[in-house]
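Data first, discussion second: the structure below is written as structure tokens.
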Amino acid sequence: MSNKTDKTEKGGVELSRRRFIKVSGTAAGLATVGVGGVSLTESGMVHAADPADPGYIDLSKAKTFSSSCAMECLHHNLTAYVVDGKLVNIDTSACEPTKGCARGLSRVQWVNHPDRLKKPMLRTGEKGEGKFKEISWDEAFNLIIEKINTTKKELGNKGLAYRGGSGSFASLTNPIANAFFSKLGGSTPIVGSLCCQAVSGTMVPMFGTRFEDTRDTIEDSQYILVWGTNPAVTMGSYLSWYQKALDRGARMIVIDPRFSETAAKSHEWVPILPGTDTALALGMLKIIIEEKRYDLDFMLQHSSLPFLVSKATGDQVKLEGDETGYLVFDTQSKTLVRHDAPGAVPALSTVGLDIESEYHTVFDMVYSEAKPWTIEKVEQETDVPAGTVLRLAREYSSRRPAMIIQNMGGFQRTEYGSYAVAAHIYLAVFTGNIGKAGTGICDAGGMANSIKVNDPVPVSPTPKLDIIPAPRFADYILHDNPTKIGFLWSLTNNFITQFPNTNGVKEAFKKIPFVVVVENLMTSTALYADLVLPCTTVFEETNLLANHRNRFVQLMEKAVEPPGEAMSDLAIFTELAKRMGFGEEFDKTPEELIEVCLAGTGVTLEQLKEGPVRTVPTPFIPYPDGVFKTKTKKAELFMPSWKAKNMSPVVAYIRPNESVKGSPEMAKKYPLMAVQRKLHRGIHSSFSALPWMCETYGVNARVLMHPEDARERGIEDGERVIAYNDRGEHRCVAIVKPHIKKGIVALENGWWEQLGGSSSHVTSDFLERLSGGHACNNTLVDVKKEA
């Protein structure tokens, strides 16, 4: 705990919606793109000048504490101001190089929300009705233990399941749950990120790691291709770094079905049909290859493109018993040699060589997939004009250093999103736009690859059980695939709003005999629980944050007491573990467990008490000089795991099934392609119920429609409408503007059932075959006026 006061503070703050709007830039932002854009330009709260103002709070005697936004975002370090035991203000800490956003600053309302859960709540009505009664913690713990033991007796450990999520990346939260369920003997895993499964499943095997971000050198780039993502909203706290690049002469292009907030700040918007991004990238690669606009030295020395592949087996050729002994054809000795043999000059292609009938290279395979994609064919498939395809390829390969910003973009939440991710990787590797300042393919990352933080409680070995893929959660549960689930625990997660096919998810929750949800507000998912356990929020517990999105390891200090009987996830699992006979490893103070997490990292708890510790070099450049973190130290562009699934092991384009061109019969019934967009009002579904967010951004979900699509349906701007298909209905308000491609609508992610319902009511629950991601951006709908 800290008693220091922030030296930058001069007096008091006005705690009001007016101040919040001024901080977030909302008043100006809402008028920009016309679809809820917000420009965040200031970090701190604006001070009231007059102590007589009823909103004025005197901070001269405030105690300050440091914590962080623990959910999926940039994990800003935040300073809490506490007066008389009450959290009254939040600001970005002075150590932060970026600025806190409206969401982080609004945490003061989250902590003080009048509807905070204070005692365990047991369901008394039907699931979804919202009828509960308060019970004691002793009753709650006894009931949980009873249901766990009953499930294990009737179904075995495979009948247990739990799901954490991006609601908290703190080290004493989800890892504690992992340890607890391992001590029980295991549980059926619910596998797959709904954010970025295709990115992780592709980038890790190709580059060796993920979260190697380009953030530090954005301003050094001369060409920024923002592909299917919207950093003005999702990474808005450092959007000024993009502006610095533009001020220094960089060109920024946005490829997106929607004219996003980022597109409004760019030189050019390139609208594209959802799910066709791979076709565009292959068309660009064809031009780069045929016009020899590639970086040959980089390709030969730092990638697997010259690796030989047997035409007979389709496998890469390597020395027997040598895991990394991939072979290339050495143009000097005219023999097959190890790819890293000293002095070897690998052939990029076997075309014209004596070995051509037996082998081709990875490069040959890539070119074979790219060769058919003429600019005319690309235009026909993607709706991107042929001339634009040609220009994009030439600009990206010539205006160096160049950077692709793809992060966790919507292009990868498609039926074959892994191919789209890999296509971006190919473009960077072919042109040598990686490993140097101003290059790379992703600006979202942090310290995850610089140090390894230990589990606070070791995870015990458990039997391997069949999985439930997250995108297919509803279908698997309803069909007892791979097994019947009798007990489900949900924490840091909101199934009902975020998982595809909401109506199916609701039925799945009704089918599971006992569901525990750990929450601090009555979320959409909590409504479908049998037992809701009240938990603490940021500033109400001591924790550690050392995760993907920030360069700092950060101590999260407890600043205030939680309301009622709310407990931290750590305290809940510790008490359960003690009652079940394995609590010794859990029963430690948060500080003791944090020291376990930090052991061997070079970072100490005492250091963190003085402030966050940066663990990556400045500036950070991913894969410097083309040295990757794969076993070969090269970018490995051939994917054996894809081949094992009878899919092309190199990037190929497959037209998505749920699309206008892929399902013409379905498109007659549902002719509009729906994509999802993120909002300033929340991160996924978090923050959505806070009063400032509702007052500032509204309480109605919206659908962005092209004027021609709206006119065909007799819909006018501001009217209440329903987006619908066979999976369900999503009620929203029409925003009619030419900020989206005709034939496409943009739905908003994250709305609670209590605020009208999530767009996940209509989203596709297709399971992406290559990496196990989901395909919400390959969803067909129609839109009608609400009766």
Side-chain angles (χ1 to χ4, degrees), residues 40-41 43 68-69 72-77 92-101 169 196 199 203 207-227 229-232 234-252 262 265 302 399-409 424-425 428-429 431-451 545-554 602-603 611-629 635:
L40 295 172
T41 58
S43 65
S68 303
C69 274
E72 182 176 44
C73 197
L74 288 181
H75 300 329
H76 282 107
N77 192 258
T92 310
S93 298
C95 65
E96 269 290 346
T98 57
K99 306 301 183 183
C101 69
F169 283 141
C196 48
V199 172
M203 192 177 295
F207 283 170
T209 51
R210 196 191 153 204
F211 301 113
E212 303 269 1
D213 65 283
T214 65
R215 194 183 311 156
D216 283 355
T217 65
I218 289 171
E219 63 187 86
D220 296 311
S221 188
Q222 282 298 301
Y223 192 79
I224 303 174
L225 200 55
V226 181
W227 200 318
T229 190
N230 187 18
T234 58
M235 299 293 167
S237 60
Y238 59 82
L239 193 66
S240 61
W241 299 352
Y242 288 92
Q243 188 60 53
K244 287 181 181 179
L246 299 181
D247 292 343
R248 295 171 64 174
R251 182 169 172 81
M252 189 159 76
T262 304
K265 300 176 181 296
H302 301 292
R399 289 186 61 130
R400 304 184 190 185
M403 183 181 287
I404 295 175
I405 301 297
Q406 49 119 294
N407 297 348
M408 298 169 285
H424 296 159
I425 291 174
V429 170
T431 59
N433 273 309
I434 197 161
K436 298 179 285 292
T439 69
I441 62 168
C442 180
D443 76 333
M447 51 65 59
N449 299 305
S450 61
I451 65 170
L545 190 59
N547 210 274
H548 308 319
R549 305 285 185 235
N550 197 290
R551 275 71 181 286
F552 295 91
V553 179
Q554 304 168 76
V603 179
V613 175
R614 180 171 171 128
T615 60
V616 297
T618 304
F620 179 72
I621 298 175
Y623 316 111
D625 302 317
V627 179
F628 294 90
K629 296 186 178 180

Asp220/Lys436 ion pair, N-O < 4.0 Å: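 No, no charged N to carboxylate O under 4.0 Å.
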
Indicate yes or no for a side-chain donor-acceptor contact from [X] to the backbone of [Y] under 3.5 Å, with no hydrogens or angles considered.
X: Arg400; Y: Thr431; value: yes
X: Glu212; Y: Phe207; value: no
X: Thr92; Y: Gly100; value: yes
X: Asn550; Y: Phe552; value: yes
X: Thr439; Y: Pro401; value: no
X: Glu96; Y: Asn77; value: yes
X: His302; Y: Gly626; value: yes

Pair Met235-Thr229, side-chain contact (heavy atoms from CB on, under 4.5 Å): steps then yes or no: CA-CA 10 Å; Met235 299 293 167; Thr229 190; over 6 Å; no

Polar contact flag, side-chain donor to acceptor under 3.5 angstrom, Tyr623-Thr209: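 Their side chains do contain a donor-acceptor pair, which is all the 3.5 Å distance test asks for.
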
Residue pair Ile405, Tyr242: steps toward the side-chain contact (heavy atoms from CB on, under 4.5 Å) verdict: CA-CA 11 Å; Ile405 301 297; Tyr242 288 92; 3.5 Å; yes

Counting C-beta onward and ignoring hydrogens, is there a side-chain heavy-atom pair between [X] and [Y] closer than 4.5 Å?
X: Asp213; Y: Arg551; result: yes
X: Glu72; Y: Phe169; result: yes
X: Asp216; Y: Ile621; result: no
X: Val226; Y: Lys265; result: no
X: Trp227; Y: Ile441; result: no

Steps toward side-chain contact (heavy atoms from CB on, under 4.5 Å) verdict (Cys196, Arg210): CA-CA 11 Å; Cys196 48; Arg210 196 191 153 204; 3.1 Å; yes

